[in-house]
Amino acid sequence: QVQLVESGGGLVQAGDSLRLSCAASGRTFSSHAMGWFRQAPGKEREFVAAIIRINGNTLYGDAVKGRFTVSRDNAKNTMYLQMNSLKPEDTAIYYCAAGWGASYYGRDYAYWGQGTQVTVSS
């Protein structure tokens, strides 16, 4: 099992920046890739970004390309999401996920955190 705990969410204004963290514990060697997803009220879950633990290769959703950056610190078993130029439409619960492959699809991730709320006011 892999346990994931997100942190860093909060209330910010449009144009501000925020950094989310996802700390992994347990059988972390079984999580080859980690990802971020988000879900806004009344909307489907949306892929945000993913990173492969070994080589740092990344994937991004179209809505966040150029504004968000995903990174990881393998020594700390932690993944980060640096979010810049935040917009009101970025408001959502952000979830951390871990699995064997970096994927755009939530079904490819076996482990999920509880989520952290990000609210961007206009």
Side-chain angles (χ1 to χ4, degrees):
Q1 289 288 333
V2 177
Q3 292 78 42
L4 303 171
V5 178
E6 304 96 334
S7 62
L11 172 63
V12 297
Q13 293 186 333
D16 285 352
S17 297
L18 203 59
R19 189 176 82 155
L20 305 182
S21 299
C22 173
S25 60
R27 297 168 63 89
T28 56
F29 58 84
S30 64
S31 56
H32 180 64
M34 297 181 72
W36 289 99
F37 289 79
R38 67 186 183 185
Q39 188 164 20
K43 294 188 177 181
E44 293 186 354
R45 184 173 59 193
E46 178 185 21
F47 172 76
V48 176
I51 188 165
I52 297 177
R53 289 165 55 92
I54 293 178
N55 59 22
N57 286 351
T58 56
L59 296 174
Y60 291 97
D62 289 340
V64 306
K65 280 180 182 177
R67 298 189 298 124
F68 291 10
T69 302
V70 62
S71 61
R72 89 276 188 238
D73 184 333
N74 289 340
K76 296 182 178 179
N77 285 324
T78 300
M79 175 179 63
Y80 304 97
L81 184 68
Q82 178 66 43
M83 305 185 294
N84 298 329
S85 303
L86 282 162
K87 305 175 181 180
E89 51 263 45
D90 293 318
T91 295
I93 299 175
Y94 283 70
Y95 297 93
C96 169
W100 271 110
S103 168
Y104 296 99
Y105 305 104
R107 63 175 181 260
D108 294 330
Y109 295 84
Y111 306 102
W112 293 83
Q114 294 299 308
T116 185
Q117 176 72 48
V118 172
T119 303
V120 184
S121 64
S122 58

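Remember, it's a predicted structure, so these values are computed and weren't measured experimentally.
Nearest heavy-atom pair across V48 and V64 is O-CG2, 3.3 Å. A pairwise comparison of heavy atoms in A102 and I52 identifies CB-CG1, 3.8 Å as the closest pair. S122 approaches A14 most closely through the heavy-atom pair CA-CB, 4.4 Å. Residues A92 and R38 approach most closely at CB-CB, 3.8 Å, considering heavy atoms. In this structure, R45 and G106 approach most closely via the heavy-atom pair NH2-CA, 3.7 Å.
Among M83, M79, Q82, the one residue that satisfies the side-chain contact (heavy atoms from CB on, under 4.5 Å) test with V70 is M79.
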Verdict with supporting geometry, T69 and Y60, side-chain contact (heavy atoms from CB on, under 4.5 Å): CA-CA 8 Å; T69 302; Y60 291 97; 3.8 Å; yes
Steps toward side-chain contact (heavy atoms from CB on, under 4.5 Å) verdict (N77, R53): CA-CA 9 Å; N77 285 324; R53 289 165 55 92; 3.3 Å; yes
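Looking only at side-chain heavy atoms (C-beta outward), V5 and Q114 stay at 4.5 Å or farther from each other.
No donor-acceptor pair under 3.5 Å is formed between the side chain of T58 and the backbone N or O of I51. Proximity of a side-chain donor or acceptor of Y109 to a complementary backbone N or O of W36 within less than 3.5 Å is not detected. Side-chain atoms of E6 never come within 3.5 Å of backbone atoms of T116 as a donor-acceptor pair (strictly under, hydrogens ignored).
Between F37 and W112, the ring planes lie tilted relative to each other; the angle falls in the 30° to 60° range. Ring planes of F47 and Y104: perpendicular class, angle over 60° (limits at 30 and 60°).
Distance check, rounded to the nearest 0.5 Å: CG of L11 to CD of Q117 gives 9.5 Å. To the nearest 0.5 Å, atom SG of residue C96 and atom CD of residue Q3 are 12.0 Å apart. Separation of atoms CG (N74) and CE (M34) is listed at 9.5 Å; rounding is to 0.5 Å.
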Please tabulate, for the side chains in residues 16-25, all donor-acceptor contacts under 3.5 angstrom to protein atoms that are two or more places apart in sequence or on a different chain.
{"unit_1": "D16", "atom_1": "OD2", "unit_2": "Q13", "atom_2": "N", "d": "3.1"}
{"unit_1": "S17", "atom_1": "OG", "unit_2": "N84", "atom_2": "OD1", "d": "2.9"}

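Under a hydrophobic-cluster definition in which Ile, Leu, Val, Met, Phe, Trp and Tyr are linked whenever side-chain heavy atoms come within less than 4.5 Å, directly or via other members, Y105 and Y95 are assigned to the same cluster. Under a hydrophobic clustering in which Ile, Leu, Val, Met, Phe, Trp and Tyr are joined whenever their side-chain heavy atoms come within less than 4.5 Å, directly or via other members, V12 and L81 fall into the same cluster.
The existence of a salt bridge linking D90 and K87 is excluded, since no basic side-chain nitrogen approaches an acidic carboxylate oxygen closer than 4.0 Å.
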